[in-house]
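Here's the structure we're looking at; comments come further down.
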Amino acid sequence: MKETDKQIEKIRSLFLTFFKIGIFTFGGGYAMIPLIEYETVERHQWIGSKELLDVFAIAQAAPGVIAVNTATFIGYKVAGFWGAVLATVGVILPSFMIISIISLFFVQFQKIEWVAYAFSGIRVGVIVLILGAVVNLGTKNQYTPLTVLVLVLAFCVAAFTKINIIFLIIGGALIGIVYQVILKKGLVSDKKSEDKS
C-alpha cells in the first residue's frame, strides 16, 4: 500500500471512529471519555493511556468542548492537519444532525411522557459512565503524595465551593510547574527515580 493510501485510510478511520463516538454517546464530552479511551487506546492503539490523560487535561484546559478538542488533538497526532479536521468533523456531525432534527419537533417532543422517562434513565447512565472513566483512567495514573493531595483538595474545592473550575485547572498546572522546578533544583527527592535506582 502506498504512503498516500495509508494516510487516506488513517483519515477515513479517524472520521468513522469519531463519528461512531459522536453518534453513540449521550451526555456530552465527559460521557464520551470511556468510548474515546476504548477506541483510541485499546482498539486502534493511536495513543497510550498516559498520553491520553495528558490530552484530556489539555482538552479540558483549552477553550471549547472536551470531546471536540480531544478529537482534534488525536486526529492531528495520527494523521496531521486533515486527520484533525476529519476527526473533529466526525465527532461534531452526529450531534449537529440529531439536534437539527430534534429542534424541528422540540416542543412536541418534550410533551411525550416516555421520552422524559427515557432521558431520566440516560442521565443516570451518563453518571455511571463518567464514574467508570474516572476510576479506569485513575488506576492508570502514577500517583505521588503531591498528586493525591492536589486531587483531594481539587475535589473538595469543586464539590463544596462555587469557585470556577478554570481556577482549579490553572492552580493544578502551577503546582505541577513549581513542583517540577523544585525537583530539578534537587530541593525534594523524586520517589519514582529512587524506586528505579
Side-chain angles (χ1 to χ4, degrees), residues 10 14 17-18 21 25 27-85 87-88 91-92 126-127 129-197:
K10 278 183 187 177
L14 278 163
T17 298
F18 280 98
I21 289 167
T25 311
Y30 293 107
M32 290 181 174
I33 289 174
L35 194 51
I36 290 172
E37 186 198 9
Y38 170 74
E39 289 290 338
T40 61
V41 176
E42 294 177 28
R43 188 172 176 209
H44 293 287
Q45 297 178 344
W46 286 328
I47 194 168
S49 56
K50 288 178 186 173
E51 195 177 358
L52 184 63
L53 282 171
D54 293 337
V55 169
F56 284 146
I58 294 165
Q60 177 61 49
V65 182
I66 188 170
V68 175
N69 291 346
T70 302
T72 306
F73 280 120
I74 293 173
Y76 189 81
K77 181 185 185 301
V78 173
F81 174 77
W82 288 111
V85 170
T88 304
V91 83
I92 290 170
V126 166
I127 292 167
L129 278 172
I130 293 168
L131 285 173
V134 168
V135 170
N136 193 23
L137 290 171
T139 55
K140 293 175 181 175
N141 198 12
Q142 289 184 341
Y143 292 102
T144 64
L146 178 70
T147 56
V148 172
L149 179 65
V150 171
L151 177 69
V152 171
L153 284 174
F155 173 78
C156 291
V157 171
F160 304 114
T161 71
K162 293 182 179 179
I163 292 175
N164 194 313
I165 298 297
I166 193 68
F167 294 119
L168 290 179
I169 295 168
I170 293 167
L174 289 173
I175 289 169
I177 290 166
V178 169
Y179 180 72
Q180 288 302 318
V181 168
I182 291 170
L183 205 63
K184 284 182 180 174
K185 289 186 176 177
L187 299 175
V188 294
S189 60
D190 185 1
K191 195 166 188 309
K192 283 185 277 183
S193 300
E194 288 174 3
D195 291 343
K196 285 178 185 175
S197 61

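Reckoned from all heavy atoms, side chains included, excluding hydrogens, waters and symmetry mates. Here, residue 1 is the first one in the sequence, and each next residue gets the next number.
- Within the 4.5 Å cutoff, the side chain of Val91 has heavy atoms near those of the Met32 side chain.
- Shortest non-hydrogen contact noted between Ala71 and Ala87 is O-CB, 3.4 Å.
- Here NE2 of His44 is found 8.5 Å from OH of Tyr38. Values are rounded to the nearest 0.5 Å.
- Between atom CD of residue Glu42 and atom CD of residue Glu37 there is a gap of 5.5 Å, rounded to the nearest 0.5 Å.
- For Gln180, the side chain to side chain contact (heavy atoms under 4.5 Å, CB included) partners two or more places apart in sequence, or in a different chain, are Leu183.
- When the side chain to side chain donor-acceptor pair (under 3.5 Å) test is applied to Thr70, no partner is found at least two apart in sequence or on another chain.
- Partners of Thr40 under the side chain to side chain donor-acceptor pair (under 3.5 Å) rule, at least two apart in sequence or in another chain, do not exist in this structure.
- A distance of 11.5 Å separates CH2 of Trp46 from CD1 of Ile36, quoted to the nearest 0.5 Å.
- Judged as a ring-ring contact (aromatic ring centres under 6.0 Å, His included), not a single pair has a partner in residues 150-172 (not counting sequence neighbours).
- To the nearest 0.5 angstrom, Thr147 atom OG1 is 11.0 Å from Ile175 atom CD1.
- Annotation: the span from Leu53 atom CG to Lys50 atom NZ amounts to 9.5 Å, rounded to 0.5 Å.
- A distance of 5.5 Å separates CD1 of Ile47 from NZ of Lys77, quoted to the nearest 0.5 Å.
- Side-chain contact between Ile74 and Leu52 is present, with at least one heavy-atom pair separated by less than 4.5 Å.
- Gly83 approaches Leu14 most closely through the heavy-atom pair CA-CD1, 3.8 Å.
- Taking the side chain to side chain contact (heavy atoms under 4.5 Å, CB included) definition, one finds that Val181 meets it with Ile177, Lys185, sequence neighbours left out.
- Closest approach of Phe73 and Ile58 over heavy atoms only: CZ-CG2, 3.1 Å.
- Nearest heavy atom pair, residue Asn69 against residue Ala59, reads ND2-O, 2.9 Å.
- Every residue two or more places apart in sequence or in another chain that forms a side chain to side chain contact (heavy atoms under 4.5 Å, CB included) with Leu153 is listed here: Leu149.
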